[in-house]
Amino acid sequence: MLPRHERRRIAEIEKGLVLQDPDFADRLRRAELPGRARPGVRVVLGCVAVVAALLCMVLGEVAGFLLAGLLATVLLAARDWRLLTS
C-alpha cells in the first residue's frame with residue numbers, strides 16, 4: 001500500500017487528467033492491467049505441474065521432480081507474472 005501523501009498525489013493527477021481529457025481517462029479506467037494472467041490459468045498450470053512432479057517422483061526421475069516442483073511453486077506462489085500475456 002502506498003503512503004497517504006502518494007495516494008493523495010495520484011488522486012490529484014487523476015482529477016487533472018479527467019478535467020483535461022475525459023475520454024482518455026475513461027479508457028484508462030476501463031482498461032485491464034497488461035501482463036496479468038487470469039488466476040485460474042495460473043492455478044490450473046500449477047496443479048498440472050504438481051501432478052507432473054508427483055509422477056516424476058514415483059518414476060524415480062529426481063531432476064524431473066525438482067524441475068516440476070519448482071515450476072509448481074512458481075506458478076502457485078507468484079502473484080504478478082507476465083508469462084501468459086496476450
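Residues take their numbers from the sequence shown, with the count starting at 1.
- Hydrophobic clustering, defined by side-chain heavy atoms of Ile, Leu, Val, Met, Phe, Trp and Tyr closer than 4.5 Å, groups L59 together with L55.
- E12 pairs by the side-chain contact (heavy atoms from CB on, under 4.5 Å) definition with R8, R9, not counting sequence neighbours.
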Hey, can you pull the donor-acceptor pairs under 3.5 Å for the side chains in residues 15-27, sequence neighbours left out?
from: D21; atom 1: OD1; to: F24; atom 2: N; distance (Å): 3.4
from: D26; atom 1: OD2; to: R30; atom 2: NE; distance (Å): 3.1
from: D26; atom 1: OD2; to: R30; atom 2: NH2; distance (Å): 3.1

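- Residue C56 comes nearest to F65 through the heavy atom pair CB-N, 3.4 Å, listed as atom of the first residue, atom of the second, then distance.
- There is no path of hydrophobic side-chain contacts, each under 4.5 Å, that joins L67 to V74.
- The hydrophobic clustering, which links ILVMFWY residues whose side-chain heavy atoms are closer than 4.5 Å, places L66 and L54 together.
- Smallest separation of non-hydrogen atoms from G69 and A53: N-CB, 3.7 Å.
- Cluster membership for V62 and V51, using ILVMFWY side-chain heavy atoms within less than 4.5 angstrom, is not shared.
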